[in-house]
Amino acid sequence: MMMIRTNSHLHHAFFKLTGILITNSLTTTPLSSSRLGLESTLLASLLHSTSFSNNGDRRLLSRYQKVTKLDDAFNLFDEMIQRKPLPSAVKFTQLLNAVAKMKHFSCSLDLFKQMCAIGVPVDKYSMSIAIKCCCHLYRTNDGFALLASCFRRAVVPNVFVFNTLLDGLILEDRIVDAERLFKKLIKHKLCEPDVVTYNTVIKGLCKFGNNDIAIGLLRLMDERGCKPNVVAYNTIIDSLCKDKMIEDAFKLFDEMVFAKGIQPDVITYTSLIYGLCNLCRWDEVSKLLKEMEEDVRISPNIQTFSILVDAFCKEGKVHEAEAVIDIMVERGVVPNIVTYNSLIDGYCLRGEMTKAKSIFDSLTSKGLVPNVVTYNSLVNGYCKSLKIEEAMHMFHEITIKGLKPNIVTYSTMLQGLFRVGRCGDARKLFDEMRAAGQIPDEYTYGVILNGLCNNHQVEVALSLFHMVGDSKLNSHIVVYNILIEGASKCGELDTAKTLFHDITLKGLQPNVRTFNIMISGLCREGQLKEAKLLFHKMDESGCPPDSVTYNVLLQGYLKNQNYDDVEMLLHEMDGRGYSIDASTLSLLIHQIAAGSLDKSMVQLIGRLVPKELMDTPA
DNA sequence: AAATAAGCTG
């Protein structure tokens, strides 16, 4: 399941990236210096005036809005309810909002209830905050109950309240309910949907992969006289980027900028940069980053930088990632736990656990608190380095620190235990996981099947597979790939063949990996004719052979002394630009030494061996 | 005179 991508452009791209970032920070500094032209002075003064208006122009916050600690909020509230006469509803509402802003939703809700109990009049403002709190606590139904009480109290809910409820439904993945509510609003004219209403529904559609319908709604809102804004476009662009449909994302971007004249913001750029990073299209990343830097109104923020850090780390370029962190710090953007999670994960993936651990240990001094994601990376890193005791230690640390291991944590730990052959402990952990209320997903399922197969328990894996039956868990090709590989490695090729046959019966499609595993199994048993047959079936199955297929088949031919076929395959590989992997190469070298291969082949083979293999002695 | 929204973990 691991994919190693090497990208020669990356290093180059990195210098471009950091180059852009550094040049920009240099060009922005002289703005305040004296050797500026008139226009620049104007610009500088504009900059000054905006920074002034940020503080000076804004009205002073009331003490009810200024609360930053929960205790202060409660104390203030207690003091307020003793006062005679009671402070205005506005003051109470401001306090409620301040508490909600601190994300203490249930506290805010408590205060709201107390406030109602002592008879402070409730209006649409306090109602909408209370409803928001319910929604953020995944208790949207309670939000609807409050809505009902609005009607009883003759408080007319406005579009804010409905938007909040709509958002709550989407947060709970209740997309059908959300659509129903949306239609009801329009049909019964409960309120006039505004741009936020539409955007919220668009967000819901995107969340469920309905990008096309989301775009449809974007058109519809325009027709209905509600102009889409940058948020509407960003939501869809972001969703398209996540679904790797980057061309469509750029199409929408162009439409937004050139046809509608809407200015992109940092979120637009960040989404697109994320999409490009995800596809390893580094040159375009630099281009876009440059474009963004050229727009004086926009500068990369913590997310933009974190995405770059993450991209470098995923490519194994941890030093480049650290350079990005240095640049962001220089620019006054403070890295957060997400940024460091990427870096820690990067070191873990490289197996540099000492370094990973030392960054982890330094978090506290930076005022950052590790979260489950942080621990998951370390658990994963230790497992991959076969340091299972350290992994277990980290795993237990999660609960000690008051956090909860999630499905990723359990799956990772399970994988680690299987990997060192501790099937019994894996079983125990699996039970523990279910007792903790964590529902295994398809990934967990794959880890377990794979773990059993690799520990000579194919039978157990197969019976688990049959027990799961026609459930959704078994409708993924990965499951078949694991079992076919497991069965054929145990010499149960007939079982493997049956499974392979079942794939199409189930309406699934074998992928390249499925074919490769099957061909490799057939070769192992010396069934070269069948292997060849399958190889030729690949193209017509819409699944053309890749470099792995050729290597697998080549090894089969070599082991069975089919030298004519070897020659043919080598020529085909040359034509397709595929190269020879390390284990095929060592087989070939043996054959060359034994004099089984024609001298004329040697040159061709030399051409098919990648440089990296030549440099490192086997 | 107070309020709603879209970007990272295996």
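Here is how names work: the chains are called A, B, and so on, in the same order as the sequence lines, proteins then strands, and each is numbered from 1.
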For this session: Select base, sugar-phosphate, or nothing to describe what Asn371(A) touches, counting heavy atoms under 4.0 Å on all strands.
Result: nothing
For this session: Please state how far atom CD1 in Ile129(A) lies from atom P in dA5(B), giving the value in whole angstrom units.
Result: 12 Å
Exercise. Is Lys101(A) near enough to dA3(B) that one of its side-chain N or O atoms lies under 4.0 angstrom from OP1 or OP2?
Worked result: yes
For this session: Select base, sugar-phosphate, or nothing to describe what Asp310(A) touches, counting heavy atoms under 4.0 Å on all strands.
Result: nothing
Exercise. In terms of side-chain heavy atoms of Asp345(A), which of dG10(B), dG7(B), dA3(B) is nearest?
Worked result: dG10(B)
Seminar exercise, completed: Of all heavy-atom pairs linking Met256(A) and Pro264(A), the shortest is CE-CA, 3.5 Å
Problem set entry | Touch class at under 4.0 angstrom, heavy-atom based, for Ser271(A) against every strand present | nothing
For this session: Under 4.0 Å between any heavy atoms, over every strand shown, what does Tyr274(A) touch: base, sugar-phosphate, or nothing? Just pick one.
Result: sugar-phosphate
Exercise. Could a donor-acceptor pair under 3.5 angstrom be found where the side chain of Asn158(A) meets the base of dA3(B)?
Worked result: yes
Exercise. Atom CZ of Phe92(A) and atom C1' of dA2(B): how far apart are they, to the nearest Å?
Worked result: 14 Å
Exercise. Backbone N or O of Cys280(A) within a donor-acceptor pair of the Glu315(A) side chain at under 3.5 Å?
Worked result: no
For this session: Select base, sugar-phosphate, or nothing to describe what Ser306(A) touches, counting heavy atoms under 4.0 Å on all strands.
Result: nothing
For this session: Name the nucleic acid region contacted by Asn380(A), choosing base, sugar-phosphate or nothing; use a 4.0 angstrom heavy-atom cut-off, strictly under.
Result: sugar-phosphate
Exercise. To the nearest Å, how far apart are Asn199(A) CG and dA3(B) P?
Worked result: 20 Å
Problem set entry | Aromatic ring pairing His136(A)/Phe105(A), orientation class (parallel under 30°, perpendicular over 60°, tilted between) | parallel
For this session: Look at atom NZ of Lys124(A) and say whether more than 12 heavy atoms of other residues, nucleotides or ligands are closer to it than 6.0 Å.
Result: no
Exercise. Any N or O donor-acceptor pair linking the side chain of Asp441(A) to the base of dG10(B) at under 3.5 Å?
Worked result: yes
Exercise. Across the strands shown, which category fits Asp238(A) at heavy-atom distances under 4.0 angstrom: base, sugar-phosphate, nothing?
Worked result: sugar-phosphate
For this session: Report which part of the nucleic acid Lys124(A) touches: base, sugar-phosphate, or nothing (heavy-atom distance under 4.0 Å, all strands).
Result: nothing
For this session: Would you indicate what Thr200(A) reaches in the nucleic acid, counting non-hydrogen atoms under 4.0 angstrom: base, sugar-phosphate, or nothing?
Result: nothing
